[in-house]
Amino acid sequence: MSKLNVNIDHVATIRQARMTDEPDPVWAAAECVLGGAHGITMHLREDRRHVQERDVDIVRQTAAVKFNLEMAMTEPMVRYARKLKPDQVTLVPERREELTTEGGLECVKNLKILSSVTRRLVKAGIDVSAFIVPDIEQVKACARAGCQAIELHTGPYANAKTERQAERRVVELMKARDVAWDMGMIVHAGHGLNYRNIRPIAAIEGLEDFNIGHGIIARSVFTGIRQASREMLDLIDKYTHLG
Ligand code: PXP
């Protein structure tokens, strides 16, 4: 069964809306773990619009599950990650004007910097994953750069307008997964996944982790984060077996 890392950035977004001290993402991480999540994902953005260093530091120290830090390939972030030592860094593109991470990382054009950042993180004992669209050249560039894993962008699947389109996106994801496997990399997936669209993605064989934020935090307004995490885990489990 694939594993679930809950992305708790949105909890920090609510807190920052009032520049106050609640809700605390540290509490959210504990609730995810109590709901059975296998990991916590946080994106420390350059503009610090939601998650703060304090949040990452405390969750890293207190959540006894996989800690996945999303970050841009900047010098201050590489230095920070080398000190923090998360279990995994996921390298993402970052643009100030975007609402959330939009496209995948451009690994072909940025191969040199990707290789250098990856080498420095791996040297510090951190696994490196790169968030990419399911394009074969992007997958190959990640392998060349020394990434241990890729996270396939499921946004295009989630935004598909018709069932046929969605099916085509699933095929693209599977092809990219196969190439990544051939090159010895682990394959994760995420972005835009929710309780209504997880089924065909959960049924894809061999995806290691799902990184899911918005869908779970949106449901948690009504059910609490512990239950929302549990419900997503149950769906992943069910559809992994049923296909
Ligand atoms: N994976 C990556 C690399 C992301 O940047 C995000 C959004 O922060 C997610 C997964 C989760 O996406 P969503 O919030 O749509 O579930």
Side-chain angles (χ1 to χ4, degrees), residues 2-14 16 25 28-29 32 37-51 55-56 59 66-74 77 81 86-107 114 117 127-135 138-139 142 147-160 169 173 176 180 186-199 201-202 207-221 225 228-229 231-233 235-236:
S2 304
K3 297 195 170 105
L4 172 66
N5 301 330
V6 181
N7 180 318
I8 56 174
D9 295 350
H10 276 10
V11 177
T13 300
I14 298 172
Q16 297 312 103
C32 295
H38 302 94
I40 301 295
T41 295
M42 299 174 93
H43 184 177
L44 187 61
R45 296 183 72 101
E46 187 198 10
D47 61 13
R48 302 294 193 265
R49 70 165 77 146
H50 42 47
V51 170
D55 306 328
V56 176
V59 172
K66 176 170 178 174
F67 187 77
N68 175 39
L69 176 68
E70 279 184 22
M71 56 174 248
M73 293 195 291
T74 62
M77 282 312 307
D87 300 293
Q88 178 177 280
V89 156
T90 300
L91 298 170
V92 297
E94 219 177 82
R95 288 195 303 123
R96 272 185 182 256
E97 62 276 22
E98 70 191 358
L99 286 177
T100 177
T101 315
E102 282 170 358
L105 195 63
E106 180 39 77
C107 300
L114 176 63
V117 165
D127 288 345
V128 178
S129 178
F131 181 60
I132 56 169
V133 292
D135 173 271
Q138 296 295 335
V139 177
C142 293
C147 298
Q148 286 105 336
I150 54 169
E151 178 180 337
L152 292 174
H153 195 330
T154 48
Y157 158 78
N159 294 331
R169 300 300 188 204
L173 291 165
I186 290 166
V187 184
H188 308 306
H191 216 285
L193 298 176
N194 59 40
Y195 301 84
R196 282 165 285 124
N197 68 15
I198 189 71
R199 181 174 184 153
I201 301 295
L207 298 182
E208 188 94 359
D209 293 356
F210 293 132
N211 290 301
I212 306 181
H214 184 86
I216 291 177
I217 304 304
R219 178 165 293 206
S220 76
V221 172
I225 296 183
S229 302
E231 287 174 12
M232 182 57 80
L233 276 164
L235 287 185
I236 292 170

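Whatever order the structure lists ligands and atoms in, that order sets their numbers, starting from 1. Computed over heavy atoms, backbone and side chain alike; hydrogens, waters and symmetry mates excluded. Not measured: the values here are computed from a predicted model.
Under a 4.0 Å criterion applied to the non-hydrogen atoms of I212, ligand 1 contributes the atoms 16 (O). Near G192, the atoms of ligand 1 lying under 4.0 angstrom from a non-hydrogen atom of the residue are 12 (O), 13 (P), 15 (O), 16 (O). Under a 4.0 Å criterion applied to the non-hydrogen atoms of V92, ligand 1 contributes the atoms 3 (C). Each of the atoms 11 (C), 13 (P), 14 (O), 16 (O) of ligand 1 lies under 4.0 Å from some heavy atom of G213. Heavy-atom contacts of H214 reach the following atoms of ligand 1: 13 (P), 14 (O), 16 (O) (cutoff under 4.0 Å). Each of the atoms 10 (C), 11 (C) of ligand 1 lies under 4.0 Å from some heavy atom of N211.
Protein heavy atom nearest atom 5 (O) of ligand 1, with residue, atom name and distance: T101 OG1, 2.7 Å. Shortest contact from atom 8 (O) of ligand 1 to any protein heavy atom: N7 ND2, 3.3 Å. Shortest contact from atom 12 (O) of ligand 1 to any protein heavy atom: H191 CA, 3.4 Å. Residue, atom and distance of the protein heavy atom nearest to atom 2 (C) of ligand 1 are E70 OE2, 3.1 Å. The nearest heavy-atom contact from the protein to atom 7 (C) of ligand 1 is T100 OG1, 3.6 Å.
Note that CG of L207 is 5.0 Å distant from OG of S2, once rounded to the nearest 0.5 Å.
In this structure, a donor-acceptor pair under 3.5 Å is absent between the side chains of N7 and N211. A donor and an acceptor atom, one from each side chain of H43 and E94, are located under 3.5 Å apart. The closest side-chain donor-acceptor pair between T41 and N68 falls under 3.5 angstrom. Inspection of the H10 and H50 side chains reveals no N or O donor paired with an N or O acceptor under 3.5 Å.
Of all heavy-atom pairs between A81 and V89, the closest is CB-CG2, 4.0 Å.
Side chains of F67 and N5 form no contact here, defined as non-hydrogen atoms less than 4.5 Å apart.
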Take D209 and K66 through the salt bridge (charged side-chain N to carboxylate O under 4.0 Å, His left out) test and state the conclusion after the steps.
-> CA-CA 10 Å; D209 293 356; K66 176 170 178 174; 2.7 Å; yes
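For E151, every heavy-atom contact with ligand 1 shorter than 4.0 Å involves the side chain, none the backbone. With a 4.0 Å heavy-atom cut-off, ligand 1 is reached by no atom of H43.
The 12-atom threshold is exceeded at CZ of R95, counting heavy atoms of other residues, nucleotides or ligands nearer than 6.0 Å.
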